[in-house]
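The figures here come from the full heavy-atom set of this structure, side chains too, leaving out hydrogens, waters and symmetry mates. In listed order, ligands and their atoms are each counted from 1.
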Amino acid sequence: MKTLIEPFKIKSIEEIPITTREQRERYLANAFYNPFFLRSEYVTIDLLTDSGTTALSSKQWAGLMDGDEAYAGSRSYYKFEDAVKEITGLKHIIPTHQGRAAEKILFTIAAKPGIVIPSNSHFDTTRGNIEYAGAEAIDNLVDVGSKPEVEAPFKGNMDLEKLRKLILEKGRENIPLCMLTVTNNTSGGQPVSMQNIRETKALCKEFGIPLFLDACRFAENAYFIKKREPGYENKSIKEIAQEMFSYCDGATMSAKKDGLSNTGGFLALNDDAMAEQAKVLLIITEGFLTYGGMTRRDLEALAQGFEEVLNENYLEYRIGQVKYLGDKLLEAGVPILQPTGGHAVYLDAKRFAPHIAPENFPGQSVLCELYLISGVRAVEIGSLMFGKADTNGNSQSPEMELVRLAIPRRVYTKSHIDYIAEACIETYNNREKLRGMEITHEVEYLRHFTAKLKFI
Ligand SMILES: *Cc1c(COP(=O)(O)O)cnc(C)c1O
């Protein structure tokens, strides 16, 4: 059979808002042309993020009822801990309410001025936490990773030459750990190969630097390894995930992604001394060791989610749904980052609106028009998210200007995807009318969340 079907049936539904263009014009102006300020009741299809937007399974809902809300020693915690240990093999599992809370704890311990934290590509909150601690966050992405039009199987990989150069230049003593983000969200949800994980580990080991996975989408990454890397075609997703984690000394995870849940995360570590420091910070900032800022029923949903996410039928549908959207756009000539990644389709705003300079936020302009046309909400990953002014006040832009259409897990059907494709195609057909934008208000860290903008 050729048709990709959702490997589930629907048991409970939530109505979605249908609005008019006139209404959306008002809503968007009132939101200062920043989709983060839009009320979700004005959004028809919400592709802002795949984080915490998962639909739970009936077994997860059953688990929520069965949660043991004890403050200490909850049975739900031990289920969660067992599930995480089974996959990661790491010794200390420190639960946090989401990924950035794990990052905050890790970098409170590891980062300070003078310190450098390398990665293939840091995600925005990871970079934010490192920079907030006064340290430097440096990306070492393979060159092909920032060429949206070039097809390659593992565009999320670490560039090992860049990493070696960085270690020699900055000095091993200033690099307390190295991160590797799987899949690489910032570079388009692109996977990292097992060979690259293995070689990154070998390089880190040569200098005695611990390797940490930013493991938000470890199962999606494992699926790509199975499909694209020779030698893995007959291994289970769980076996591949276990091998990925076997090369690392620690991990942070936002379980709002591949935990198939609405909240949660963890910091996992092998180092006893570091874990002890982390546990003190956990108790100060998040909660006790056996819940860390989550309700215990959330831990039940997560334990079940970690099992479901390893199911290959689920992953085939998940990655296939994203590809289905990407293929429809490519057929219509809409420029996207190729190949499609695990969790999102990324419109390439540089080719979409070449008449808008990076400092005038072409991606933001595209996503505003997309919303006005259809009520579809997307997010910019470009100059608004990562741009900065240099010391002379000139604006500096990242290499890519992207609009991310993140697909929530198990939420939207094929006809929703068809609607999204139509909306993108219509936006593309109107691209000459797109106008540049400027910021009217911003803050120093993670400005994209709260920036206010206007059209020039
Ligand atoms: C979402 C995400 C984070 C942060 O996790 P939150 O749960 O949103 O705090 C960190 N790294 C990557 C790669 C992510 O996608």
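Arg296 places no side-chain N or O within donor-acceptor distance of the main-chain N or O of Ser76, the cut-off being under 3.5 Å.
Between Tyr317 and Phe8, the ring centre distance stays below 6.0 Å. Aromatic ring centres of Tyr291 and Tyr71 lie closer together than 6.0 Å.
Counting only non-hydrogen atoms, the option in Asp214, Thr263, Thr252 that gets closest to atom 13 (C) of ligand 1 is Asp214.
The distance criterion of under 3.5 Å between nitrogen or oxygen atoms is met by Ser254 with respect to ligand 1. For the pair Thr181 and ligand 1, the shortest N or O to N or O distance does not fall below 3.5 Å. No N or O atom of Lys256 sits closer than 3.5 Å to an N or O atom of ligand 1.
Protein heavy atom nearest atom 8 (O) of ligand 1, with residue, atom name and distance: Arg100 NH2, 2.9 Å. Of the protein's heavy atoms, Lys257 NZ, 3.5 Å lies nearest to atom 3 (C) of ligand 1.
Taking every non-hydrogen atom of Glu103 and a distance limit under 4.0 Å, the qualifying atoms of ligand 1 come out as 10 (C), 11 (N). Ligand-side atoms of ligand 1 in range of Thr125: 3 (C), 4 (C), 10 (C), range being under 4.0 angstrom from any heavy atom.
Ion pairing of Asp214 with Lys257 is absent here, as no side-chain N (NZ or NE/NH1/NH2) approaches a carboxylate O to less than 4.0 Å.
Below 30°, between 30° and 60°, or above 60°: for Phe37 and Phe32 the angle between ring planes is above 60°, a perpendicular geometry.
Using a 4.0 Å heavy-atom cutoff, Cys216 is listed among the residues neighbouring ligand 1.
Residue Gly67 comes nearest to Glu300 through the heavy atom pair CA-CG, 3.6 Å, listed as atom of the first residue, atom of the second, then distance.
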Step by step, would you call Thr96 with Glu103 a side chain to side chain contact (heavy atoms under 4.5 Å, CB included)? CA-CA 10 Å; Thr96 59; Glu103 293 167 353; over 6 Å; no
